[in-house]
Structures are given as C-alpha cells and as structure tokens.
Amino acid sequence: MVYKVAVASTDGKFVNEHFGRATQFLIFEVDQGQFRFRELVKTGPYCNQGEHDDHKLRTVTEILQGCRAVLVSQIGNAAAEVLKEQGIVPFEIRDFIEDAIPKLITYYDKFQE
C-alpha cells in the first residue's frame, strides 16, 4: 500500500515541531516498506502563544489532505481530533526522521493492515 506521511520539522532532519507552530511539513511517500521525500509544503502556524485560530487549523489540515499520518513533537487534543476527522492520524514522536518513519511503517505493518 502506498501512502503519504507529513513530518513537522524545522531542520529537515528531526521531528521537532509542535503541530500548532509548524510553518512547514515535509511530505514523504511510503511504498513497500521504503520511503522517499516528495515535497515540502509551507503552512502558517495556527497557534500563537496559546491562542488558536480555528480557520488556520482547518487550512493546515486541508493542506495535509491525502496524508495517512503526521509526525509531530507535540499536538493538542483539539488539533488531533480535527486531523482524525480528515482521516489523518497524528503521532507524537521526537526522533530523527530517518528513524521515525521506519517506526511508523512497522506500526502500520503490524497493527493496521
């Protein structure tokens, strides 16, 4: 099964960004246990010092439409629910991207397929 994964990262190496503060997501394609970078999508943060903009949150989730999962360092419950409504599963993980995505692949291989 081919699917896409969005990763919140400021440096392109580490999953290190809170979903609400992310200004960009790296999109990876997973196919037969392998993954490769596809594109960088720019977004605006929807969270600003504890204040949330619901319209911006919906815009971010629309930009990520088509992804099966999103990897973030942190995510609030409300944002996680909005993502799930769109069919995108959020995962909190702080790890190198090259290590985090294989963990996600293993999870889906074991528990979801």
Side-chain angles (χ1 to χ4, degrees):
M1 174 181 194
V2 178
Y3 56 92
K4 293 191 294 185
V5 176
V7 178
S9 176
T10 60
D11 61 7
K13 297 177 185 174
F14 204 80
V15 182
N16 64 354
E17 188 68 282
H18 184 289
F19 182 79
R21 289 191 220 106
T23 59
Q24 65 182 20
F25 290 87
L26 291 84
I27 308 298
F28 292 87
E29 183 178 83
V30 177
D31 187 10
Q32 297 181 352
Q34 302 296 314
F35 65 96
R36 64 183 171 146
F37 175 75
R38 296 298 296 177
E39 66 180 310
L40 176 71
V41 295
K42 298 283 187 173
T43 63
Y46 80 90
C47 181
N48 185 11
Q49 298 178 356
E51 297 294 320
H52 299 105
D53 183 326
D54 288 336
H55 176 70
K56 286 183 180 178
L57 170 58
R58 295 284 175 185
T59 300
V60 172
T61 58
E62 287 173 12
I63 290 170
L64 298 178
Q65 198 68 36
C67 291
R68 185 176 189 184
V70 63
L71 304 180
V72 296
S73 65
Q74 287 184 293
I75 189 169
N77 290 334
E81 287 304 314
V82 171
L83 284 170
K84 289 176 189 174
E85 289 170 9
Q86 300 297 319
I88 304 167
V89 181
F91 290 90
E92 287 186 353
I93 185 168
R94 291 181 185 98
D95 204 345
F96 286 100
I97 294 169
E98 65 187 30
D99 296 328
I101 294 177
K103 289 176 184 177
L104 179 73
I105 292 168
T106 298
Y107 169 80
Y108 278 127
D109 286 348
K110 280 187 174 180
F111 302 108
Q112 298 293 310
E113 310 271 59

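Reckoned from all heavy atoms, side chains included, excluding hydrogens, waters and symmetry mates. What you see is a predicted model; the values in this text were computed from it and never measured.
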J.: Do Phe19 and Val41 land in one hydrophobic cluster if side-chain heavy atoms of ILVMFWY residues count as linked below 4.5 Å?
T.: yes

J.: Would you indicate whether the side-chain heavy atoms of Tyr108 and Met1 approach each other to under 4.5 Å?
T.: no

J.: How long is the gap from CD on Gln74 to CG on Asn16, to the nearest 0.5 Å?
T.: 11.5 Å

J.: Report, one line per pair, each donor and acceptor closer than 3.5 Å where one atom sits in a side chain of residues 93-106; sequence neighbours left out.
T.:
residue	atom	partner	partner atom	Å
Arg94	NH2	Ser73	O	3.4
Asp95	OD2	Lys103	NZ	2.5
Thr106	OG1	Pro102	O	3.0

J.: Restricting to salt bridge (Lys or Arg N to Asp or Glu O under 4.0 Å), what partner residues turn up for Lys13, sequence neighbours left out?
T.: none

J.: In this structure, which one of Ile63, Thr59, Thr61 forms a side-chain contact (heavy atoms from CB on, under 4.5 Å) with Thr43?
T.: Ile63

J.: Less than 4.5 Å apart, any side-chain heavy atom of Ile88 and any of Arg68?
T.: no

J.: Please find the pair of heavy atoms, one from Gly44 and one from Val60, that lie closest to each other, and give the distance.
T.: O-CG2, 3.6 Å

J.: Would you find more than 12 non-hydrogen atoms of other residues, nucleotides or ligands less than 6.0 Å from Asp11 atom CG?
T.: yes

J.: So how far is it from Arg58 CZ to His55 NE2, rounded to the nearest 0.5 Å?
T.: 11.5 Å

J.: For residues 23-36, tabulate all N or O donor-acceptor pairs below 3.5 Å that involve a side-chain atom, not counting sequence neighbours.
T.:
residue	atom	partner	partner atom	Å
Gln24	OE1	Lys42	NZ	3.3
Gln24	NE2	Ser9	O	3.1
Glu29	OE1	Arg36	NH2	3.1

J.: Find out if a path of hydrophobic residues (ILVMFWY) with successive side-chain heavy-atom gaps under 4.5 Å connects Val82 to Ile75.
T.: yes

